[in-house]
Amino acid sequence: MRLDVPKGLEPKVELAIERVLSMFLREIKFEIAREILKESELSEEQARELAKEVNLSVARRHLE
């Protein structure tokens, strides 16, 4: 795919594309996790503990 970008806007367009790709990849990962957990036999408590671990991991990644 080719995209003609006006001079001077290249950095902004590049940043926007990176953000969109990042969000897209994150959504794919969450969809995979949803599919795996849909068939899971985890107890409610185990699922809550796993969710807490995931939330902490995501928070740490955003603080880096």
Q.
If I take atom CD from residue E27 and atom OG from residue S22, how far apart are they, to the nearest 0.5 angstrom?
A. 11.5 Å
Q. Should the heavy atoms of other residues, nucleotides or ligands under 6.0 Å from CZ of R19 be counted, would the total exceed 12?
A. no
Q | Partner set under side-chain contact (heavy atoms from CB on, under 4.5 Å) for E45, not counting sequence neighbours | A | S43, R48
Q: Quick one: list whatever passes salt bridge (Lys or Arg N to Asp or Glu O under 4.0 Å) with R26, sequence neighbours left out.
A: none
Q: Return the set of residues passing side-chain contact (heavy atoms from CB on, under 4.5 Å) with I17 (not counting sequence neighbours), or none when no residue passes.
A: L3, V13, L21
Q) Roughly how far apart are I28 CD1 and M23 CE, rounded to 0.5 Å? A) 12.5 Å
(Q) I'd like to know if the side chain of E10 reaches the main chain of G8, judged simply by a donor and an acceptor atom lying under 3.5 Å from each other, with no hydrogens or angles considered. (A) yes
Q. How long is the span from the CD atom in E41 to the CD atom in Q46, to the nearest 0.5 Å?
A. 10.5 Å
